[in-house]
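Just so we're on the same page: letters track the sequence lines, and every chain starts at 1.
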Amino acid sequence: MKTYDFNSIDRKWQKYWAENKTFKAENHSDKPKYYVLDMFPYPSGAGLHVGHPLGYIASDIYARYKRHKGFNVLHPMGYDSFGLPAEQYAILTGQHPAVTTEQNIKRYREQMDKIGFSFDWDREIRTSDPKYYKWTQWIFLQLYKHWYNQETGKAEPLEKLIEIFETEGNKNVKAAQAQDTPEFTAEEWKNFSPEEKDRILHKYRLTYLDETEVNWCPALGTVLANDEVVNGVSERGGHPVVKKKMVQWMMRITAYAERLLNDLDNLDWPEPLKEMQRNWIGKSVGAAVKFKIDGSDKDFTVFTTRPDTLYGVTFMVMAPELDLVDEITTPGQREAVKKYQEQAAKKTERERMADAKVKTGVFTGAYAIHPLTGEKIPIWISDYVLSGYGTGAIMAVPAGDQRDYEFAKQFDIPIKNIFKNTDISEKANEDKEAVLTNSDFLNDLPAKEAIGKMIEELEKRGIGKAEVNYRLRDAVFSRQRYWGEPFPIYYKNGVAYPIDEKHLPVKLPEVEKYLPTEDGRPPLGNAKEWAWDEKNEKIVSTGLIDNETVFPMELNTMPGWAGSSWYFNRYMDPHNDEEPFGKEAVEYWKKVDLYLGGSEHATGHLLYSRFWQKFLYDIDRVPEPEYSVKLINQGMILGTSAFVYRIKGTNKFVSLGLKDQYETDPIHVDVNMVDEYDYLDLDKFKKWRPDFAEAEFILEDGKYKVGREVEKMSKSKYNVMNPDDIVERYGADTLRMYEMFLGPIEDAKPWNIAGIKGVHNFLRKFWSMFHQDGVFNVSLEEPTEQELKILHKTIKKVEEDINKFSFNTAISQFMIAINELGKLKTNKQKILSPLVVLLSPFAPHLAEDLWEELGHDKSIAFEPYPSYDERYLKESSKTYPIMLNGKMRHKLDLSTSMSKEEIEERVLSDEKVKSLLEGKTLKKVIVVPGKIVNLVVS
RNA sequence: GCCUCGGUGGCGGAAUUGGUAGACGCGCUGGAUUCAAAAUCCAGUUCCGGCAACGGAGUGUGGGUUCGAUUCCCACCCGAGGUACCA
């Protein structure tokens with residue numbers, strides 16, 4: 001007898017879709033377009049685990065749903081295939097990263113194919129493919145050739161800037177630029193040497209070289225961007241990170257800070273994610289105030305959000321790294337200052353954070369002059385002031401800032417109380433409602449009013465002005481790595497020059513070793529063919545470098561986020577060799593309509609890609625300033641780790657229930673060696689690792705019970721579950737539906753297959769409705785009113801749920817329908833046929849198969865989505881709860897056509913209601929039609 | 001510390017312009033089928049009391065608004081994520 005044979009159904013239809021290119025998206029269509037995108041994966045050696053497909057399944061359901069709704073759907077997939085693990089594997093084994101990457105991609109593809117995604121694989125892209133990174137390099141060059149004009153609020157070609165320089169110098173130019181840009185006239189500009197001009201232009205470019213303090217990770221041998229450093233250690237591997245000054249390529253993302261911040265308001269993104277980006281950008285509004293240095297004509301500027309507290313300043317603090325510190329330090333203090341600076345420089349990020357509780361610092365011996373009172377104010381240095389934020393110097397107001405307060409207490413600096421009726425003997429008063437005193441013209445004002453007044457006064461006297469500051473910093477774009485995009489850059493006399501666009505892609509050269517060179521240069525320093533012949537415009541052997549005609553090329557590569565910052569646009573036109581993507585294609589697809597991915601990319605990929613999109617928008621390459629207006633975060637699927645407990649210093653393992661009697665170390669064991677009742681397979685365990693071969697056990701009831709804990713899924717925790725086994729055992733449709741049934745997409749949830757039976761049963765029941773004794777048997781009879789009601793209710797609810805991305809409740813609706821129809825033993829074609837279409841996004845393999853059995857010769861994928869008929873949703877009567885003071889006491893079936901008055905009359909005449917009201921006074925009757933009747937009694 | 005989100009049965013989770021709390025699934029209990037088991041089907045399943053009808057309690061805790069609160073307001077407790085000397 002034939003049964004629901006999911007394995008052969010899966011294979012049959014996966015083959016069919018591939019052969020017929022069912023999901024190929026065209027760039028022309030009469031249908032409206034819809035673009036559904038998943039964050040593409042990094043193809044790691046471990047393969048897909050059950051967490052990866054969660055988002056892919058959700059987006060696939062929605063993509064398939066949209067096809068049924070008559071949309072031309074773009075649903076692509078690709079690989080973020082440059083990255084660290086492949087390179088580290090190469091260092092260990094000598095295997096070229098391209099080879100392992102290729103293998104991993106093959107495995108990923110096989111696994112994805114088994115789940116039945118409706119991707120258009122003809123559009124697959126890989127960031128490590130020269131045909132792709134050609135355009136990543138191209139975008140880099142465009143950034144290199146543009147500057148950010150704050151007057152027009154967008155990026156403009158450098159030629160335009162040069163024009164301005166030639167006519168009026170840079171005096172009136174408002175640009176995002178380096179802080180140390182000198183001021184010059186048109187005349188001076190014309191007299192600059194070409195090198196000087198280059199150097200100056202460099203200060204304006206959107207990508208530029210700069211010696212900056214970077215996060216240097218010695219263990220990884222590379223620099224890291226701020227978002228790659230978590231709690232003072234590297235995100236990958238958890239290695240210590242130190243500050244180091246290095247010349248690096250930078251991305252001037254700060255130019256876009258305001259737009260990146262403002263445009264968040266128009267995005268339909270999860271609120272926490274938007275909040276993370278807002279905090280990361282960290283806008284603060286305040287004032288810049290100029291302080292003169294006592295006994296010198298030098299001055300310096302501080303940034304403050306509380307200019308109203310200027311009268312409370314009792315000392316100044318500078319970051320120890322600030323150049324100005326050396327200039328102002330008095331001979332007497334020189335040694336102490338130097339010692340402190342050295343200490344501060346040596347600290348790792350982590351140490352600095354750990355030491356944050358106690359304020360440290362040194363007096364420079366110098367004094368500043370208070371701009372309003374003329375008082376002498378001592379200047380200190382301390383690492384609680386950061387060189388990278390604001391001007392790296394602050395005015396300290398111990399009465400109004402807790403950090404300044406602690407510093408003052410630590411070093412016995414006077415604290416001047418500038419707040420009325422406030423006790424500051426214990427801590428500073430940071431309340432903005434506090435009213436000022438001892439503050440001259442600001443007396444009796446709260447901060448809100450005083451800030452504006454102070455700024456007005458500062459501007460009038462020319463000693464300060466309103467200013468906005470951002471926490472966001474320019475992004476480091478260089479990595480000392482091999483497996484990334486090379487820069488199309490060479491160096492002549494220490495100045496960087498671009499390699500012309502027509503020579504792209506600049507292909508990654510072969511190297512013998514993937515480690516840095518012996519003299520500490522990045523891995524590309526090992527390349528034999530890595531020099532630029534300027535005359536012949538081609539890459540030649542490094543041995544030919546003469547710095548006359550042949551020059552060294554850039555040895556750094558681009559970071560992981562380069563390729564992922566624009567891939568969504570490439571999918572629109574993935575095989576274009578003339579442009580990154582054609583105008584016509586982007587005009588058609590415009591932007592991503594639905595983007596699915598994890599929130600861990602909030603301040604990395606999701607911020608950088610918005611930045612590049614805005615740049616591409618400015619240079620008129622894309623029609624939208626935001627590439628993804630709707631974004632959903634899928635939650636992580638966590639693993640359920642298993643532990644055995646080894647008695648300290650022995651090779652003896654004690655079962656969970658008895659472990660408290662011993663001193664033990666918990667050890668992760670592979671979850672595949674543990675059964676569903678948490679009992680360990682001892683034979684497998686002994687064979688697992690050689691040092692366990694002789695293991696002894698202390699059992700309870702003859703068995704070994706493991707401990708369980710929910711953790712992130714990872715190879716090292718031995719808690720990874722692969723989707724392949726589930727697909728083999730239950731079929732792809734069961735995996736798809738089960739992952740969705742687990743709970744809301746956004747929630748993190750531990751993986752357990754306890755409930756998978758329920759979903760699998762549903763699919764088998766559904767199959768059974770079309771078959772009798774295993775033989776296809778569907779009736780052409782007209783459905784009854786009752787059957788139609790079930791159908792139309794289901795259509796309505798499922799569609800509502802899909803539109804809310806509430807796939808777990810949509811699946812519940814299917815189960816309810818099947819239970820109800822099962823009771824009626826329905827096998828009518830007119831009921832089952834629309835239900836198959838409805839189910840198709842969730843269980844596409846089964847749906848295709850039943851669709852074929854129903855006599856169709858085309859894929860179900862483009863079948864119109866059934867619509868519901870209101871008439872079948874109306875109830876003729878409803879069971880009303882009858883409540884007494886809000887508590888349910890009785891039920892009555894009443895016609896839905898009755899008016900409020902009729903309902904009230906009918907309820908009050910009911911015998912049971914009469915008996916309930918006995919001995920009580922009825923004060924009020926509340927009737928909510930279709931919902932409840934509430935009797936208010938006393 | 002600050003920001004954001006959340007707290008509902010044995011478990012995953014439903015339900016909010018305030019209106020029958022616990023849909024659906026898992027698990028569990030009983031029954032049918034079977035020599036038996038698995039599978040399947042039927043019934044029950046928030047907790048307490050009761051054979052039952054029924055009664056009482058109940059959405060983290062305490063208060064408030066309301067005829068009526070999981071939903072709104074106030075205070076607090078707990079958990080998750082983010083962030084941390086950003087002046």
Going by the rule side-chain hydrogen bond (donor to acceptor under 3.5 Å, both in side chains), which residues pair with [X] if we only count those two or more places apart in sequence or in a different chain?
X	answer
Lys796(A)	Glu800(A)
Tyr256(A)	Asp618(A)
His370(A)	Thr373(A)

Do [Y] and [X] meet the salt-bridge criterion of a basic N to acidic O distance under 4.0 Å?
X	Y	result
Arg906(A)	Asp910(A)	yes
Lys283(A)	Glu258(A)	yes
Glu799(A)	Lys797(A)	no
Arg278(A)	Asp265(A)	yes

The side chain of [X] is closest to which nucleotide in this list: [options]?
X	options	value
Met815(A)	A87(B), U83(B), G25(B)	G25(B)
Val936(A)	C67(B), C24(B), C3(B)	C67(B)
Asn819(A)	C24(B), G82(B), A87(B)	C24(B)

In whole angstrom, what separates [X]'s [atom1] from [N]'s [atom2]?
X	N	atom1	atom2	answer
Tyr738(A)	C26(B)	OH	C1'	8 Å
Arg889(A)	A53(B)	CZ	C1'	15 Å
Trp280(A)	U83(B)	CH2	C1'	9 Å
Asp401(A)	G1(B)	CG	C1'	13 Å
Leu264(A)	C3(B)	CG	C1'	15 Å
Lys765(A)	C41(B)	NZ	C1'	9 Å
Asn279(A)	U4(B)	CG	P	9 Å
Asn761(A)	A38(B)	CG	C1'	13 Å

For [N] versus [M], give the span between their [atom1] atoms, rounded off to a whole number of Å.
N	M	atom1	value
G44(B)	G25(B)	P	13 Å
U46(B)	G9(B)	P	13 Å
U45(B)	C24(B)	P	12 Å
G10(B)	U20(B)	C1'	25 Å
U70(B)	G22(B)	P	12 Å
G68(B)	A53(B)	P	29 Å
A21(B)	A75(B)	C1'	26 Å
G60(B)	G79(B)	P	16 Å

Report task. Please work out whether G9(B) sits syn or anti, treating a glycosidic angle within 90° of 0 as syn. Result -> syn
Query raised in the report: For Lys789(A), does the NZ atom have more than 12 heavy-atom neighbours from other residues, nucleotides or ligands under 6.0 Å away?
Result: yes
Query raised in the report: Under 3.5 Å, is there an N or O donor on one side and an acceptor on the other linking the side chain of Lys923(A) and the base of C67(B)?
Result: no
Query - OP1 or OP2 of C5(B) under 4.0 Å from side-chain N/O of Asn633(A) - result: no
Query raised in the report: Hey, is the side chain of Lys757(A) poking within less than 4.0 Å of OP1 or OP2 on G27(B), counting only N and O atoms?
Result: yes
Report, one line per pair, each donor and acceptor closer than 3.5 Å where one atom sits in a side chain of residues 739-748 of chain A; sequence neighbours left out.
residue   : atom : partner  : partner atom : Å
Glu739(A) : OE1  : Leu54(A) : N            : 3.4

Query raised in the report: NA contact type, Val385(A), heavy-atom cut-off 4.0 Å: base, sugar-phosphate, or nothing?
Result: base
Requested in this report: Name the nucleic acid region contacted by Glu271(A), choosing base, sugar-phosphate or nothing; use a 4.0 angstrom heavy-atom cut-off, strictly under.
Outcome: nothing
Query raised in the report: For the residue pair Phe6(A) and Tyr4(A), does the interplanar ring angle fall in the parallel (under 30°), tilted (30 to 60°) or perpendicular (over 60°) class?
Result: perpendicular
Query - Per-nucleotide protein contact string for nucleotides 10-23 of chain B, where B marks a base within reach and S marks sugar-phosphate only (heavy atoms under 4.0 Å, - for neither) - result: --BSS----BB--B
Requested in this report: May I ask you to decide if Thr603(A)'s main-chain N or O and Tyr608(A)'s side chain share a donor-acceptor pair within less than 3.5 Å?
Outcome: no
Report task. Nearest-nucleotide wise, let me know which of Thr305(A) and Glu275(A) is further upstream toward the 5' end of RNA chain B. Result -> Glu275(A)
Report task. Give the dot-bracket string for RNA chain B, reading 5' to 3', where a pair is Watson-Crick or G-U wobble with both distances under 3.5 Å, ( ) marks pairs inside the strand, [ ] marks pairs crossing earlier ones, | marks a partner on another strand, and . marks unpaired. Result -> (((((((..(((......[....)))((((((.......))))))((((....))))..(((((..]....))))))))))))....
